[in-house]
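Below you will find the structure I want to go over with you.
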Amino acid sequence: MKKVLFVFAIACLPLLSASAQGIGIGLKGGLNFANQDIATVPEDISARTGFHIGAYTHINIIGGFGIQPEVLYSSQGSEWVDDAGAGFDIKNKFDYLNIPILLRFNIAMFNLHFGPQFGILTNAESDVNGVTTDIKDQFESGDFSIAAGVGVDLPFKLNATVRYVAGVSDISSDPDTIGEVKNATLQISLGYRLIGSK
């Protein structure tokens, strides 16, 4: 029985090798220009500049089509000035562990990608005129978004991506007080392919 299993394993090595040629693994990071649509805030909400960092895997399926799952730590939120009363300067700081699972289509050195993103809230703070308050309990632990973007392969195993992530779910756990809140983020990334295909 052991000999049969050994022969089977040896026979499968070429298949595993061929499959591995269609898989790429890399690291990526970059800037977030994050914003939030907040129903109870009539003032103009400004984007908060943050960052994201993490890893990606590209799995070629057939032709130019593939799947690209990622795991990213992402700093998001929003900023605005409350003109009512004393005119508070408010900065919302949200940190997420985001898991986009994207369909990817390669066109020469470019790629188009689209798919769902699942976020896990790790931290939420509100800074009002320099005073920081933990507001994590006022928001849902999960966030569901749709991501779409374009990437380009660069020399030296580098790649660049521009992606927009639109929040679908209401992240407020207190809609009567806060109202509906949805995340939105424009991401600019630089990646480095560690191993495998582009």
Side-chain angles (χ1 to χ4, degrees), residues 22-38 41 44-80 91-124 139-140 142-171 180-198:
I23 298 176
I25 299 174
L27 302 175
K28 65 181 298 184
L31 292 176
N32 286 343
F33 300 97
N35 213 327
Q36 293 174 320
D37 182 6
I38 306 175
V41 179
D44 291 334
I45 301 178
S46 301
R48 175 177 182 258
T49 303
F51 68 94
H52 60 275
I53 186 169
Y56 69 88
T57 298
H58 174 227
I59 305 169
N60 290 314
I61 297 176
I62 185 170
F65 286 96
I67 299 175
Q68 183 166 310
E70 302 178 358
V71 177
L72 303 172
Y73 174 83
S74 183
S75 176
Q76 300 170 204
S78 58
E79 300 181 5
W80 76 92
K91 299 177 181 179
N92 284 338
K93 303 175 182 178
F94 287 66
D95 296 327
Y96 282 92
L97 180 65
N98 288 329
I99 305 173
I101 302 175
L102 309 169
L103 294 175
R104 171 169 155 162
F105 180 63
N106 296 325
I107 308 171
M109 62 185 295
F110 296 94
N111 70 79
L112 303 175
H113 51 269
F114 171 86
Q117 174 176 285
F118 306 93
I120 301 171
L121 182 64
T122 62
N123 183 61
F139 293 88
E140 300 290 345
D143 180 30
F144 176 71
S145 305
I146 297 295
V150 59
V152 59
D153 293 320
L154 302 172
F156 309 111
K157 298 185 178 181
L158 296 174
N159 55 78
T161 303
V162 177
R163 178 183 302 166
Y164 185 73
V165 184
V168 174
S169 62
D170 178 6
I171 63 171
E180 185 179 74
V181 181
K182 293 183 178 181
N183 286 315
T185 309
L186 176 65
Q187 295 181 328
I188 300 176
S189 309
L190 183 64
Y192 178 75
R193 177 167 47 87
L194 296 173
I195 59 173
S197 63
K198 296 179 180 178

Quick one: closest heavy-atom pair of Y96 and T122, and the distance?
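Minimum heavy-atom contact is N-OG1, 4.1 Å.
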Taking the side chain as every heavy atom from C-beta outward, state whether L154 and N159 have any atom pair closer than 4.5 Å.
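The answer is no, as the side chains (C-beta and beyond) never meet within the 4.5 Å cut-off.
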With side chain to side chain contact (heavy atoms under 4.5 Å, CB included) as the criterion, how do L31 and L186 come out once you've worked through the C-alpha distance, each side chain's angles and the decisive distance to 0.1 Å?
CA-CA 8 Å; L31 292 176; L186 176 65; over 6 Å; no
In terms of ring plane angle, is the pair F139 and F94 parallel, tilted or perpendicular, where the classes change at 30° and 60°?
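The rings of F139 and F94 stand perpendicular, inter-plane angle above 60°.
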Verdict with supporting geometry, N32 and S74, side-chain hydrogen bond (donor to acceptor under 3.5 Å, both in side chains)
CA-CA 8 Å; N32 286 343; S74 183; 2.8 Å; yes
Atom pair OH/CD1 of Y73 and I120 - distance to nearest 0.5 Å:
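Separation between the atoms: 13.0 Å.
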Using atom types as modelled and distance alone, determine if a side-chain donor or acceptor of S169 lies under 3.5 Å from a backbone N or O of F144.
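Side chain of S169 to backbone of F144, a donor-acceptor pair under 3.5 Å: yes, one is there.
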Search all heavy atoms of D170 against all heavy atoms of V181 and return the closest pair with its distance.
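Closest heavy-atom pair between D170 and V181: OD1-N, 2.9 Å.
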For the residue pair Y192 and L194, establish whether any side-chain heavy-atom pair is separated by less than 4.5 Å.
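Yes, close enough: below the 4.5 Å cut-off.
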Quick one: closest heavy-atom pair of L102 and G115, and the distance?
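Closest approach of L102 to G115, heavy atoms only: CD2-N, 3.7 Å.
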Minimum side-chain heavy-atom gap N106-D153 below 4.5 Å:
no
Begin with the C-alpha distance, continue with both residues' side-chain angles, and end with the deciding distance and a verdict on side chain to side chain contact (heavy atoms under 4.5 Å, CB included) for I107 and L112.
CA-CA 8 Å; I107 308 171; L112 303 175; 4.2 Å; yes
Taking the side chain as everything from C-beta on, heavy atoms only, tell me whether D143 gets closer than 4.5 Å to L121.
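Side chain of D143 against side chain of L121, heavy atoms only: no contact under 4.5 Å found.
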If you look at every heavy atom in P116 and I146, which pair is closest and at what distance?
CA-CD1, 4.2 Å
Value for CD1 (I67) from CD1 (I59), rounded to nearest 0.5 Å, stands at 6.0 Å
Check whether more than 12 heavy atoms from other residues, nucleotides or ligands sit under 6.0 Å from atom CD1 of I62, and answer yes or no.
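Atom CD1 in I62 is not crowded, with 12 or fewer foreign heavy atoms closer than 6.0 Å.
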How long is the gap from CG on N92 to CG on N183, to the nearest 0.5 Å?
10.0 Å
Rounded to the nearest 0.5 Å, what separates atom CD in Q68 from atom CD1 in I101?
12.0 Å
With rounding to the nearest 0.5 angstrom, report the OG1 to CD distance, T185 to Q36.
8.5 Å
Would H113 and R163 satisfy side-chain hydrogen bond (donor to acceptor under 3.5 Å, both in side chains), going step by step from the backbone distance to the final call?
CA-CA 9 Å; H113 51 269; R163 178 183 302 166; 3.1 Å; yes
Using every non-hydrogen atom in the two residues, find where F33 and I188 come nearest and quote the distance to one decimal.
CE1-CD1, 3.9 Å
Just wondering, do K93 and R48 contact through their side chains at under 4.5 Å, heavy atoms?
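Sidechains of K93 and R48: in contact.
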V152 and N111: which non-hydrogen atoms are nearest, and at how many Å?
N-ND2, 4.1 Å
Pair N35, S78: side-chain N/O donor-acceptor within cut-off below 3.5 Å:
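Not at all, the side chains of N35 and S78 share no donor-acceptor pair under 3.5 Å.
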Flag the pair R193 / Y56 as yes when at least one side-chain heavy-atom distance between them is below 4.5 Å, and no otherwise.
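Contact flag for R193/Y56 side chains = yes.
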Ignoring hydrogens and geometry beyond distance, is a side-chain donor-acceptor pair present between Q76 and N98 at under 3.5 Å?
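Looking only at side-chain atoms, N98 and Q76 do form a donor-acceptor pair, the distance falling under 3.5 Å.
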